[in-house]
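The structure appears below as structure tokens.
Per chain, numbering begins at 1; letters A, B, ... match sequence-line order.
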Protein chains: 2
Amino acid sequence: MSQHKNTIVVVDDHPIVIEGLIRLLSKKPEYEIIGGFTRGEEFISFLKIATVKIVLLDIMLPDINGMDLCKTIKTISPDTVVLAFSNYQERSVILQMLANGASGYLLKESSIEEIVICINEALNGQITFSNIVKEIISRPQLKESQDFAKLTVREKEILKLIADGKTTNDIAEMLFLSKFTVENHRKNLLQKLKAKNVADLIRHATLQNLI
Amino acid sequence: MSQHKNTIVVVDDHPIVIEGLIRLLSKKPEYEIIGGFTRGEEFISFLKIATVKIVLLDIMLPDINGMDLCKTIKTISPDTVVLAFSNYQERSVILQMLANGASGYLLKESSIEEIVICINEALNGQITFSNIVKEIISRPQLKESQDFAKLTVREKEILKLIADGKTTNDIAEMLFLSKFTVENHRKNLLQKLKAKNVADLIRHATLQNLI
DNA sequence: TCAAAAATAGCTGAAAACAGCTATAAGTAA
DNA sequence: TTACTTATAGCTGTTTTCAGCTATTTTTGA
């Protein structure tokens, strides 16, 4: 039964990448590549009828966002190991993939050796990253923290209350301030974090762990 | 100079834990434990005057939240490796610590061997987790996805646009809908996700990776 | 101690959000 | 095929947000 082999699938919009990985991995008898897909939907259909042990998943696909796809994969088949295989070097993207259930993150520029090592580690149940990714994760988001530092204590306080669903009047009452004062702080927050409105403000603040 | 040794600090509110780690690590000549603190503020003061290569950080401290402390540490001293040492097994907590700059996450119940291995890996610049933590990370958050599943496709679409700072009228134009329709979807989103207003909506949605 | 930054308070008017309803057509699952 | 869900559209009235101003007091840093 294929369940007992290390069945691998590659999802990438460039056929040449799929081809390369197939040739690379087919040398190893312990792997069995059972599919390659250039579209997310095709893979999802396949996943519903096949047992996939590990999937190498490109994040930039034509039909679906890789982050969402990862979540979908883990919902349909929680035991399938998702290994992100991407060009994106953004820390937030890497952490988002992990949050969505990925077991690791490989950059496409990784060496052949690195790729093989990571796949092996993933198969052993480990969380695995290519070397550059490890560095990126370890490196804290200094730029983002600076934005936060620019906010005054009062602004941070009010930002948290806004995020909590409080209205301007609510906040004014809670902090014994005039509503005009709170409105000013709110305006300054929008300006400082370059947000168009509260929705935008909260999304950015949340993603940057400001609240 | 202490800069060239592997200087280690332990921050934990239980002195016995600090003591245990000191005794454990002092056997290895390559480590130099230069401090143990039961309060976050004390450690921050110390960090400003000393060179710390790695800090074993308990998340539950009396005076400050460990997540915030981690961020502060990486701001003051970006090269200091933060290794979370905690009882919390919640996936969200682990990922939050990583997002805040931690290089790894150890459970307190880990074996001595595991702890030593992880510290070594961390010193080598690796991201490291104790075994149970690896499992927790690999296990996707099924519960959280359920809320998302309750939203219809159209609602998810509109939620993303709201989060992007678009107004009701913007969205209506983009999707060729009446503004009343968009308003209704918006109302349903607020109700389904139990949010008081947009700020509340976006915060919850972002934290739950709905957008 | 002097200048800058932060916090405070105020005003107006337009735009947007929100609550609370009704109602119809289309698709879907029991 | 019937009942339910989803998506659509509409209305009214109130509350809140937001932009664009001015201006005073308090705090802080150089």
| query | Between atom CG in B/Leu189 and atom P in C/dA17, what is the gap in whole Å? | reply | 13 Å

Using the 3.5 Å cut-off, write out each protein N or O paired with an N or O of nucleotides 3-7 of chain D and the distance between them.
| from | atom 1 | to | atom 2 | distance (Å) |
| --- | --- | --- | --- | --- |
| D/dA7 | OP1 | B/Thr152 | OG1 | 3.3 |
| D/dA7 | OP1 | B/Arg154 | N | 3.4 |
| D/dA7 | OP2 | B/Thr152 | OG1 | 2.4 |

| For A/Glu173 and C/dT8, what is the distance between atoms CD and P respectively, to the nearest whole Å? | 16 Å

| field | Close side-chain approach of A/Leu57 to A/Ile73, heavy-atom, < 4.5 Å | value | yes

Show me the protein contacts with nucleotides 19-22 of chain C, counting only N or O atoms at under 3.5 Å.
| from | atom 1 | to | atom 2 | distance (Å) |
| --- | --- | --- | --- | --- |
| C/dG20 | N7 | B/Lys187 | NZ | 3.3 |
| C/dG20 | O6 | B/Lys187 | NZ | 2.7 |

| field | B/Arg186 bridged to B/Glu183 by N-O distance under 4.0 Å | value | no

| Rounded to whole angstrom units, what separation is found between the CG atom of B/Asn169 and the C1' atom of D/dG10? | 15 Å

| For B/Ile162 and C/dA16, what is the distance between atoms CD1 and C1' respectively, to the nearest whole Å? | 12 Å

| query | Does the side chain of B/Val55 come within less than 4.5 Å of B/Phe43's, by heavy atoms? | reply | yes

| message | What is the distance, to the nearest angstrom, from the CG atom on B/Leu159 to the P atom on C/dA17? | response | 14 Å

| query | Between A/Lys156 (NZ) and C/dA7 (C1'), how many Å, whole number? | reply | 15 Å

| Are the charged groups of A/Lys108 and A/Asp58 less than 4.0 angstrom apart, N to O? | yes

| For the side chain of B/Phe180, counting heavy atoms from C-beta on, which of D/dT16, C/dC18, D/dA9 is nearest? | D/dA9

| task | I would like to know whether A/Leu21 and A/Ile115 meet side chain to side chain contact (heavy atoms under 4.5 Å, CB included); could you show each step before the answer? | result | CA-CA 9 Å; A/Leu21 283 165; A/Ile115 293 172; 4.2 Å; yes

| query | Given atom CZ of B/Arg186 and atom P of D/dT17, what is their separation to the nearest angstrom? | reply | 12 Å

| note | To the nearest angstrom, the CG-P distance between A/Asp200 and D/dC18 comes to 10 Å

| task | Assess the side chains of A/Gln89 and A/Glu109: does a donor N or O sit below 3.5 Å from an acceptor N or O? | result | yes

| query | Could you walk me through whether B/Tyr105 and B/Val93 pass the side chain to side chain contact (heavy atoms under 4.5 Å, CB included) check? | reply | CA-CA 10 Å; B/Tyr105 198 105; B/Val93 173; 3.6 Å; yes

| message | Using side chain to side chain contact (heavy atoms under 4.5 Å, CB included), reason through A/Glu157 and A/His185 one step at a time and then give a plain yes or no. | response | CA-CA 10 Å; A/Glu157 186 180 17; A/His185 284 303; over 6 Å; no

| task | Using a strict 4.0 Å threshold on nitrogen-to-oxygen distance, state whether B/Asp13 and B/Arg39 make a salt bridge. | result | no

